[in-house]
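Step one of this worksheet: look at the structure below.
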Amino acid sequence: MGEYLLGIDIGTSACKIAVFTRNGQAAASGSGDYPVYYPHPGWAEQNPDEWWDAVCRTIPEVLKKGGIDPAEIKGVGIDGQSWSAIAVDRDGNVLTNTPIWMDTRAVDICEEYNEKIGREKIFELCGNPLQPSYTTPKIIWYQRNLPEVYKKTYKILQSNSFIAYRLTGVLSQDLSQGYGLHCFDMRRGRWDEEMCEAFGFSPDILPEIHACHDIIGTVTEDAAAQCGLAPGTPVAAGGLDAACGTLGAGVIHSGETQEQGGQAGGMSICTDAYQADERLILGYHVIPGHWLLQGGTTGGGGVMRWLEKEFGAYEREEGKRQGKSSLDLFNEEAAGVDPGSDGLIFLPYMSGERTPIWDPDAKGVYYGIDFSKTKGHFIRAAMEGTAYALKHNLDVAEEAGARVTVMRAMGGSANSLLWTQIKSDITGKPIIVPSSDTATTLGAVILAGVGIGMYADFEEAVKLTVHDRRSHEPDEQKWSVYDKNYKTYIELYQQLKGIMKQRGGR
């Protein structure tokens, strides 16, 4: 009888389920999708019950695919998207859709409380600026706009803690997701009652905080009947998807850096000391005693998915004929264009932008279009634009005192050799791509493995499970072209931000 760990990743477009052996080999995997709802400009929300339904559909499929008995699953780890505000009543019922990390409806609330409490005081406690994407203003938005929902709210959960609750019946909050709330003491890792009161809600609405590898409970009989796991299977608290992906990419020591290429883009720099900067994001790593100084952008792999969906009809048909994916053909078209895309520059602000500009009104822009530009130019410019956003964050992190020598890539865009090389060339940093194509779920199962004692510690877990597949070195000959375009990239936003602000969500 085998011994496996199962990981659940609650992403923006789908849940991913993967089963791993002790040495990090993926025995089986699958995904279940669900929608994002955009009912108004600036709104982006999801139904957490649809996450759970997708999990319950996908786990049996994955176990069947791998020929794995549910009893062979020795632990479950969960990671999830950031900055949810899942309102549940005393019976655990979801009371309303949750605004997700892309949602910027609470701009006015942030402006009000930054004035009322003071930006400096808020930042001093939690190490992060009060911005509409975070959880805090969403809770206040419920108070003002959905008073009946707020009145019934017993706890506010995050994406992974919601799935953990559905599995175990235990309401929890993990340490790495605490950064979404501005009543979270980033130095001490606990709720600050005085700041909760300043924001106008009771700390009782927030669950007890757990270390990410803590086993918070086991799969209940009812949950087992719904999702196909065995009753009594241990479940770890889990953590933020970016933090779990950072662990799954092998980043556990101070100074090591993860480059994220999922739906969103960004980077996570591991540090063993509190190091905050208002332009970036600070949170706890999923491993004890470490923080992550992060850059998070709205334009990552989702940019390419959008381009493929809207403009990839030919590639989808041609891909069927050639036995290739449409994204492979996109890569080939982009590879036929010179570095710098002949002056075509893309601002990847597809849902406002987070770090380092924190502008909910920012918009995506193509600049430099003329009759010479082909589809390949637009594809390559999109790749380069997301790389410029990454460089922008790295530059700010270095201004804040962080030092990045090498990055470890994760996410779907890491599968593109061209895109990864572009990121290396533009940032001037070497990039290592680990062998696991499922770094985020691997990180989640490592938490469960450490929690149940399958691994002695995180050092042993990473040594056993994370293996490098390839590496990319920056090409200095391309630097001058990219540097010129990067300067234009920065200037474009500076010149356009006033118009973007004036137009708002229109």
Query raised in the report: Any side-chain heavy atom of V396 sitting closer than 4.5 Å to one from T355?
Result: no

**Report entry** Pairs touching residues 92-102 that satisfy salt bridge (Lys or Arg N to Asp or Glu O under 4.0 Å), sequence neighbours left out
**Finding:** none

Query raised in the report: Would a 4.5 Å heavy-atom cut-off, applied to side chains only, mark K429 and V406 as touching?
Result: no

Report summary line: side chain to side chain contact (heavy atoms under 4.5 Å, CB included) filter on C183, not counting sequence neighbours, yields L181, W191, M195, C196, F201, L206

Requested in this report: Could you note down all residue pairs passing ring pair (Phe, Tyr, Trp, His ring centres under 6.0 Å) where residues 221-241 supplies at least one of them, sequence neighbours left out?
Outcome: none

Below 3.5 Å, can you tabulate the donor-acceptor pairs from side chains in residues 272-285 to any protein atom, sequence neighbours excluded?
from : atom 1 : to   : atom 2 : distance (Å)
D277 : OD1    : R279 : N      : 2.9
D277 : OD1    : R279 : NE     : 3.0
D277 : OD2    : R279 : NH2    : 3.1
R279 : NH1    : E399 : OE1    : 2.8
R279 : NH2    : E399 : OE1    : 3.4
Y284 : OH     : M186 : O      : 2.7
Y284 : OH     : R187 : O      : 3.2
Y284 : OH     : G189 : N      : 3.3
H285 : NE2    : V251 : O      : 3.0

Query raised in the report: So, for V36 and A44, which heavy atoms are closest and what is the spacing to 0.1 Å?
Result: CG1-CB, 4.3 Å

Query raised in the report: Can R470 and H472 be counted as having a side-chain donor-acceptor contact under 3.5 angstrom?
Result: yes

Report summary line: So salt bridge (Lys or Arg N to Asp or Glu O under 4.0 Å) across residues 5-34, not counting sequence neighbours, yields R22-E460

Query raised in the report: With a 4.5 Å heavy-atom cut-off, do K74 and I452 have their side chains touching?
Result: yes

Requested in this report: Give, for atom SG of C15 and atom CH2 of W51, the distance between the pair rounded to the nearest 0.5 Å.
Outcome: 11.0 Å

Query - Separation of I8 CD1 from I17 CD1 (nearest 0.5 Å) - result: 4.5 Å

Report task. Tell me, with the steps shown, if T153 and I205 meet side-chain contact (heavy atoms from CB on, under 4.5 Å). Result -> CA-CA 8 Å; T153 299; I205 206 172; 3.8 Å; yes

Requested in this report: Would you indicate whether the side-chain heavy atoms of I446 and T465 approach each other to under 4.5 Å?
Outcome: yes

Report task. Sequence neighbours left out, what passes side chain to side chain contact (heavy atoms under 4.5 Å, CB included) with T298? Give chain and number order. Result -> W101, S351, E353, R354

Query raised in the report: Any donor and acceptor pair, going by atom type alone, linking the side chain of S202 with main-chain N or O of D204 inside 3.5 Å?
Result: yes

Query raised in the report: What pairs meet the salt bridge (Lys or Arg N to Asp or Glu O under 4.0 Å) rule with one or both residues in residues 165-175, with sequence neighbours excluded?
Result: D49-R166

Query raised in the report: Is the backbone of D91 close enough, under 3.5 Å, to the side chain of D89 for a donor and an acceptor to pair up by distance?
Result: yes

Query - Qualifying residue for side chain to side chain contact (heavy atoms under 4.5 Å, CB included) with V219, from T168, L229, I73 - result: L229

Query raised in the report: Would you call R403 and I269 a side-chain contact if the rule is heavy atoms closer than 4.5 Å?
Result: no

Query raised in the report: Do Y142 side-chain atoms and P137 backbone N/O form a donor-acceptor pair below 3.5 Å?
Result: no

**Report entry** Sequence neighbours excluded - ring pair (Phe, Tyr, Trp, His ring centres under 6.0 Å) pairs with any residue from residues 63-95
**Finding:** W83-Y134, W83-Y179

Requested in this report: Starting at CZ of F184, measure out to OG1 of T136 and round the result to the nearest 0.5 Å.
Outcome: 11.5 Å

Query - Q421 side chain to E473 backbone, donor-acceptor under 3.5 Å - result: yes

Query raised in the report: CD/E259 to CG/L394 distance, rounded to the nearest 0.5 angstrom?
Result: 9.0 Å

Query raised in the report: Can you list the steps and then say if R57 with D53 is a salt bridge (Lys or Arg N to Asp or Glu O under 4.0 Å)?
Result: CA-CA 6 Å; R57 292 195 311 270; D53 290 344; 5.8 Å; no

Query - From CG (L247) to CG (L442), nearest 0.5 Å - result: 7.0 Å

**Report entry** Worked verdict on M350 versus W306 for side-chain contact (heavy atoms from CB on, under 4.5 Å)
**Finding:** CA-CA 10 Å; M350 300 298 284; W306 168 75; 3.7 Å; yes

Query - All side chain to side chain contact (heavy atoms under 4.5 Å, CB included) counterparts of A335, not counting sequence neighbours - result: L418

Query raised in the report: Do M410 and Q258 have side chains that get closer than 4.5 Å, going by heavy atoms?
Result: yes

Query raised in the report: Would you say V433 and R408 make side-chain contact, with heavy atoms under 4.5 Å?
Result: no

Report task. Decide yes or no on side-chain contact (heavy atoms from CB on, under 4.5 Å) for Y388 and I422, but give the supporting numbers first. Result -> CA-CA 10 Å; Y388 294 140; I422 287 172; over 6 Å; no

Query raised in the report: What heavy-atom pair brings A54 and T58 nearest, and what distance separates the two atoms?
Result: O-OG1, 2.7 Å

Requested in this report: Answer with yes or no whether the side chains of Q81 and T12 bring together a donor and an acceptor at under 3.5 Å.
Outcome: no

Query raised in the report: Looking only at atom types and distance, does a side-chain atom of K138 sit under 3.5 Å from a main-chain N or O of I100, one as donor and one as acceptor?
Result: yes

Query raised in the report: Between Q158 and S84, is there a donor-acceptor pair closer than 3.5 Å when you use the side chain of the first and the backbone of the second?
Result: yes

**Report entry** NZ/NE/NH1/NH2 to OD/OE distance under 4.0 Å, R105 and E45
**Finding:** yes

Requested in this report: Check ring pair (Phe, Tyr, Trp, His ring centres under 6.0 Å) between F123 and all other residues, then give those that pass, not counting sequence neighbours.
Outcome: none

Requested in this report: Looking only at non-hydrogen atoms, find the nearest pair between G300 and T386 and report the distance.
Outcome: O-CG2, 4.1 Å

**Report entry** Stepwise side-chain contact (heavy atoms from CB on, under 4.5 Å) test for Y349 and I357
**Finding:** CA-CA 10 Å; Y349 309 146; I357 64 173; 3.9 Å; yes

**Report entry** N/O donor-acceptor pair under 3.5 Å between Y4 side chain and F20 backbone
**Finding:** no

Query raised in the report: So, E308 and S326: side-chain donor and acceptor under 3.5 Å apart, yes or no?
Result: yes

Requested in this report: Quick one: pull up CG in L293 and OG in S268 and give me the separation to the nearest 0.5 Å.
Outcome: 9.0 Å

**Report entry** Whether Q46 side chain and P35 backbone form a donor-acceptor pair below 3.5 Å
**Finding:** yes

Query raised in the report: Hey, does the side chain of T420 reach the backbone of S416 with a donor-acceptor pair shorter than 3.5 angstrom?
Result: yes

Report task. Give a yes or no answer on whether the side chain of N160 reaches the backbone of D79 with a donor-acceptor pair at less than 3.5 Å. Result -> no

Report summary line: Taking every heavy atom of I379 against every heavy atom of A334, the minimum-distance pair comes out as CG2-CB, 3.8 Å

Query - Residue pairs passing the side-chain hydrogen bond (donor to acceptor under 3.5 Å, both in side chains) test where at least one lies in residues 212-225, sequence neighbours excluded - result: D222-Q226

Query raised in the report: Any side-chain heavy atom of V55 within less than 4.5 Å of one from I163?
Result: yes

Report task. Not counting sequence neighbours, which residues clear side chain to side chain contact (heavy atoms under 4.5 Å, CB included) with S413? List them please. Result -> W419, K423

